[in-house]
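These notes concern the structure reproduced below.
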There are 2 protein chains.
Amino acid sequence: MRIFRDLIETGSFSKAAELNYLTQSAVSQQLKHLEKSVGRPLLDRGSRQLKLTSAGRIFYRAAKRIVAAYEDITARIQATAPESDQRLRIAAIYSVGTYVLQRYLKDFLRRCPEVKVEVDYQKASRICDDILRGRADLSIMAYPVHRRDLQTIPLADEELVLALPKLHPLGRREALNLADLAGQDFIAFDRGTPTRKALDHILRAAKVRPKVRMEFDNIETIKSAVSSGMGVSIVPEATVAADAKAGSLCVRRFADRRLSRPLGVLVRKSRRENRAVRAFLKQLDGARAR
Amino acid sequence: MRIFRDLIETGSFSKAAELNYLTQSAVSQQLKHLEKSVGRPLLDRGSRQLKLTSAGRIFYRAAKRIVAAYEDITARIQATAPESDQRLRIAAIYSVGTYVLQRYLKDFLRRCPEVKVEVDYQKASRICDDILRGRADLSIMAYPVHRRDLQTIPLADEELVLALPKLHPLGRREALNLADLAGQDFIAFDRGTPTRKALDHILRAAKVRPKVRMEFDNIETIKSAVSSGMGVSIVPEATVAADAKAGSLCVRRFADRRLSRPLGVLVRKSRRENRAVRAFLKQLDGARAR
DNA sequence: ATGCCCCTATAAGAGGAGCTAATAGTTTGA
DNA sequence: TCAAACTATTAGCTCCTCTTATAGGGGCAT
C-alpha cells in the first residue's frame with residue numbers, strides 16, 4: 001500500500017521504487033499483485049502518464065489513510081516508553097555512522113553526557129522504515145530521499161576521493177583525471193546502494209568504464225581490498241583519512257572533477273521530539289552553519 | 001494485525017489460530033515478530049489469561065481500526081463494479097461446491113435466470129478472506145467459523161457416512177459401529193481441513209484408531225482411493241450418493257453413532273447486498289425451513 | 001530514419017518470510 | 001495423578017517477493 005501510494009503521488013514506477021529503495025521491477029510486480037488481489041485494475045495503462053481508474057481512486061484514498069495510521073502506531077507506542085526523554089536513537093548506514101557521525105556525537109556527548117545514545121547500523125531501506133515507524137529518532141545518511149512524510153535536512157557534502165593501493169602507478173601521476181580510471185580494476189560499492197548508483201551515473205555520463213572486479217556493501221571490506229592491491233576505488237574522504245595518514249593507502253583527488261555525495265539528516269515530519277533529539281538537531285544545524 | 005486483533009478478542013492463541021485457519025504455532029510466532037517489530041512487548045506473559053501491556057492497548061486499538069479499513073476497501077471497490085447487480089459470487093470448498101451447492105443453484109437459476117453466478121473453489125482459509133474483502137458475496141461451507149465481522153447462517157447438517165470398497169469385509173456386517181474402524185486402512189482428509197480435525201476429535205474421544213494410509217484434500221481423490229481398495233473413509237453423504245447407486249462404492253452408516261458436519265452460509269455483516277444475493281439468501285432460508 | 005535514453009513489463013533465479021509438524025513445558029480439571 | 005488443553009520452540013519446507021537481465025514502446029536528438 002505504501003508503494004502504491006508513492007506510485008500515485010510520484011506518478012512514476014521508477015520514482016516510487018527509489019523512494020522505497022526497491023527496483024522498478026518490484027514496483028511493477030507489486031502493482032500487478034495488488035490489482036489481482038483487489039480484483040480490478042487500479043491504473044489506466046492506455047495513456048501516457050499514470051491515470052487512476054475509478055477503483056484506483058477509491059483504493060488510493062484508503063491506502064493513504066491506512067499507511068498513515070500504520071506508520072503512526074509504533075511511533076505513538078515509542079513515545080510512551082519510559083525514560084525516552086534521555087534517549088537518542090540514531091539509524092545510520094555504516095560508512096556514515098562510523099566516521100562522520102562519530103565526530104558529531106563526540107561533541108554532543110560532551111555537552112549532554114546524560115543522554116543515552118543508541119546507534120543502529122542498517123541498510124538505507126531499513127533506515128527509512130525505522131524513522132517512519134518511530135524505532136529511530138533520526139538518521140544521518142548519504143543521498144537522503146525526499147519524502148513527503150519525512151523531513152530531509154541537508155547537512156554537508158562529503159568529498160569522494162580516489163583510493164589507490166600504496167604503490168599503484170596512478171599514484172605517481174601529476175594530475176589525475178576521471179578518464180584515467182578507464183580500464184582500471186575497480187572495487188565498487190554493492191549495486192543497489194545509493195552511492196554506487198550515483199557513481200555509476202557519473203562514470204557512464206563521462207563514458208569512463210573501469211573494470212569492476214569486486215563489489216562490497218561494507219566500506220571496511222572495500223578499503224582492505226584496495227590496500228591489498230586488488231584495485232582502486234572511489235570512497236568518502238572521511239573513511240580513508242586515517243589510512244592516508246598512516247600510509248596504508250594512497251588517496252588522490254581528481255584534477256578535472258570534484259566528486260562528492262550529499263549527507264542529510266532524516267527526521268519524521270510529524271515529530272514530537274524529546275529534549276535529547278532537539279538538542280542534537282540544534283547542534284547539527286550549528287555545525288552546518290559553520 | 002488481524003491475527004493480533006483476533007488474539008486479543010478471543011483471549012486465546014488457539015482460538016485466534018482457528019479463526020484464521022492457522023496453527024497455534026503460527027499465531028505464537030506472529031506475535032513474537034510483531035513485538036520485535038514494534039520494539040516493545042504487547043502482552044503480559046506473567047499472568048494466567050492474556051493481558052495487554054500499555055503498548056499492547058495502543059496497538060490493539062490501532063490494529064482494529066486498520067484491519068477494518070483494510071477489509072473495507074476491496075468490498076467498497078467491488079460495490080462500484082458495473083453490472084454487479086446481476087452477479088452472484090460464491091466461494092465454496094470443493095466438497096460442498098460440487099454437490100450440495102449445485103442443488104441450490106439449480107433451483108435458483110430456474111427462478112432467476114438472468115443472474116450470472118460465479119463459483120470459486122478455495123481453501124477454507126481463503127474463503128473467509130474473500131468474503132471479508134468483498135471478492136465473494138457469500139460462501140457455503142462446512143464448519144463455518146463464527147467471527148464478529150461475518151454472519152454465519154446455519155444451513156443444514158450434512159450426514160457423514162462410511163465409504164467402503166465394493167467387496168470390503170465390513171460391508172457384509174449387519175450393524176457397523178464406530179469401533180469397527182479400529183485398525184482399518186483409512187483414507188483421510190488432509191490434516192488442517194476442518195472436517196479432518198472434527199473427525200480426528202471424534203475418533204480420539206472414542207479411542208478408535210484407524211490406520212491413516214493416505215491423506216488428500218480433494219474429495220474426488222479420496223473416493224477413487226477408496227473405490228480402488230486402498231482403504232475406507234468417512235465422507236459427506238451427498239458426495240457418494242451417486243457412487244453408491246452405481247455400485248462403485250459401498251456406503252454404510254454407523255449403527256451406534258450418527259456422524260454429521262454442519263453446513264453454513266457465510267456473509268459479510270456490513271453488507272449492502274445486491275438483488276441477486278438477497279434472492280439467493282432468501283431461497284436458502286426457505287430451504288432451511290423445510 | 002537511426003540511435004539513444006527514458007519508461008514499463010516480463011522471465012528466471014535467489015533468498016527470506018511464514019507456514020506446518022513435532023515436541024517440550026505448564027496449567028487446569030476430573 | 002493422569003489426561004487434556006494451553007503456549008513456546010525448533011526444524012524443515014513452500015511460496016512469495018525481491019533482484020538481475022531483458023524485451024518492447026515512446027519521445028527527442030542527431
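So you know, we letter chains A, B, ... as the sequences are listed, proteins then strands, and number each from 1.
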Check the pair B:Asp6, B:Arg147 against salt bridge (charged side-chain N to carboxylate O under 4.0 Å, His left out), reporting the backbone distance first and the verdict last. CA-CA 9 Å; B:Asp6 290 343; B:Arg147 298 184 58 97; 3.2 Å; yes
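- B:Tyr21 and B:Arg126 share no donor-acceptor pair across their side chains, judged by distance under 3.5 Å alone.
- B:Leu34 has its CG atom 13 Å from the P atom of D:dA8, to the nearest Å.
- Straight-line distance from the NZ atom of B:Lys123 to the C1' atom of D:dT14: 10 Å, rounded to whole Å.
- One can place CG of B:Asp200 at 11 Å from P of C:dA21, the figure rounded to the nearest angstrom.
- A donor atom on one side chain and an acceptor atom on the other are found under 3.5 Å apart for A:Gln29 and A:Ser25.
- Using a 4.0 Å cut-off between a side-chain N of Lys or Arg and a carboxylate O of Asp or Glu, A:Arg268 and A:Asp72 qualify as a salt bridge.
- Across the protein-nucleic acid pair, A:Lys207 atom NZ and C:dG3 atom P stand 15 Å apart, rounded to whole Å.
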Encode nucleotides 17-24 of chain D as B, S and - characters from 5' to 3', where the letter depends on protein heavy atoms closer than 4.0 Å: B to the base, S only to sugar-phosphate, - to neither. SBBB----
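- Between B:Leu203 atom CG and D:dA4 atom C1' the separation is 17 Å, expressed in whole Å.
- Within residues 4-20 of chain A, the residues that have a heavy atom under 4.0 Å from DNA chain C are, in order of number, A:Ser12, A:Phe13, A:Ser14.
- A heavy-atom distance below 4.5 Å is found between the side chains of B:Cys128 and B:Val145.
- Between A:His201 and A:Lys32, the residue anchored closer to the 5' end of DNA chain C is A:His201, taking for each the nucleotide with the nearest heavy atom.
- One atom, NZ of B:Lys36, and another, C1' of D:dA8, lie 16 Å apart when rounded to the nearest Å.
- By the ring-ring contact (aromatic ring centres under 6.0 Å, His included) test, A:Phe4 pairs with A:Phe59, sequence neighbours left out.
- Atom-to-atom, CG of B:Leu50 to P of C:dT27 comes out at 15 Å; the value is rounded to the nearest Å.
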Given side-chain hydrogen bond (donor to acceptor under 3.5 Å, both in side chains), test B:Ser37 with A:Arg133 step by step and report yes or no. CA-CA 9 Å; B:Ser37 125; A:Arg133 305 192 48 192; 3.3 Å; yes
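- Under the side-chain contact (heavy atoms from CB on, under 4.5 Å) rule, A:Phe13 has a single partner from A:Leu31, A:Thr23, A:Ile3, which is A:Leu31.
- Other residues, nucleotides and ligands contribute over 12 non-hydrogen atoms within 6.0 Å of the CE atom of A:Met1.
- A straight line from CG of B:Asp44 to C1' of D:dT7 spans 15 Å, rounded to a whole angstrom.
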